[in-house]
Amino acid sequence: MKNFSTVFNFEFKQFFAKTSNKVILFVYLIIAIGITFVPSIMSSSIFKGEDNSNFQRSAYVIKDVTVSTDNLKEAKKYDSKEAVEKDIKEDKLDEAIVLTKDSYEYISKKSIFGNSSSEFSNAFNQNIERLVYSQNGLDLTKINEVKASVPQPKIINVSSTDNQERQAVNTVVVYVLTFIIYMTVIQFGSVVALNVVKEKSNRAMELLVITVNPITLILGKVLALSIGVLIQMGVIIGGLVVGIKLNLSNYSDKLKFVVENLDYKVVGVGLLFTLTGFVMFMFLYAAFASLVSKVEDVNGAITIPMILFIAAFFINFYLMGSSANTKLSEILSYFPLTSYFGMVTRYALTDVSYSSLWLSYGILALTTFVCALGSVKVYRLATLRYGQKLNFFKLLLGK
């Protein structure tokens, strides 16, 4: 492993010296922080429009019907449907209800694909319900009290020690981790592949292999990139944490529940598995890229590792859809080409023993080590072969 530190330090410094990587890190950091501001922005007047908390931009027309309007606050009373339609079109009003003996209409400028309900329409509906119930000799208030006293079951997933709310939080964590590692592998797999092909195409590889062992070269490249990506992910996650702390008070109760009930064991297991999977694929990307000598051929060369990874990504969505509670989910959580996603999902959503967890990780780690050895062998045999049509599996077998 002579010269390993030299190769590692060079590749590590190159990673952070590149303007493109700095720009990408800055963009990701801004996106990470910006995402945390989305709930605050969505709840602001920019998206909600003018304040209508007291129904000051609401109106009603009631004809030939006696219905209470005590809870309609500052809603305006109109005499005709035409008048409210005119004021809504001129943005003097947001909404109106027209109630007659023969019709009950809600008027607004909202899209037919949007949510047609509002606090005002809900309040008016309560008055209508109360009227209909009273006409039938029933007390709506008493009925609501009875409904409220009926006990509701708390749903518990028997395949997990977590309740449904906790499971929902873990699902969010799995989604976020899955997308982060997906974007990371797709982006930096291409970076590794391009670096290998560029060195081979400009004959820099001939000079490198004279002084540096190919094994040292590929290990230095992959591990330097892995550490660089780990630091980058730390910066992005740090941006998320800072943004969440700044905006937590503006979040809805459901979002606050997610933030305040994060299971850090799930986060830790997720990072351990996904980062190990990342290292495995970086070796595969480097090895497959070494098979070609031209930059324009690199995309075709890395097709196999890319397809394997993308397939695992979509399979993980199936696991989440099935609550990771099927026999197939269990098998995929041990299969090393899917376990970096599959076991994380199973651990987050079901009850997985520590022995099963570490068995799966052991298989993944061993497979990563084997992939590293195989990739090193292919890389060593392929680096100085120019203009030849090389096959990964033949080189792996020494042919």
Residue pairs passing the salt bridge (Lys or Arg N to Asp or Glu O under 4.0 Å) test where at least one lies in residues 73-87, sequence neighbours excluded | K81-E105, K86-E90

Check whether the side chains of N316 and T178 place a donor and an acceptor atom closer than 3.5 Å, and report yes or no.
-> yes

Just by distance, with hydrogens left out, do Y285 and S190 show a side-chain donor and acceptor under 3.5 Å apart?
-> no

Residues two or more places apart in sequence or in another chain: which of them pass side-chain contact (heavy atoms from CB on, under 4.5 Å) with [X]?
X: V132; value: I128, N136
X: A123; value: F55, N71, L72
X: F16; value: F12, I231
X: S226; value: V222, F278, V279

[X]: partners by ring pair (Phe, Tyr, Trp, His ring centres under 6.0 Å), with sequence neighbours left out:
X: Y361; answer: F273
X: F179; answer: F313, F317
X: Y78; answer: none
X: Y340; answer: F281

Salt bridge (Lys or Arg N to Asp or Glu O under 4.0 Å) partners of E296, counting only residues at least two apart | none

K327: salt bridge (Lys or Arg N to Asp or Glu O under 4.0 Å) partners, not counting sequence neighbours = E330

Only distances under 3.5 Å count here; give the side-chain donor-acceptor pairs of residues 180-187 to other protein atoms, sequence neighbours excluded, each with its distance to 0.1 Å.
{"from": "T184", "atom 1": "OG1", "to": "I180", "atom 2": "O", "distance (Å)": "2.7"}
{"from": "Q187", "atom 1": "OE1", "to": "Y28", "atom 2": "OH", "distance (Å)": "2.9"}

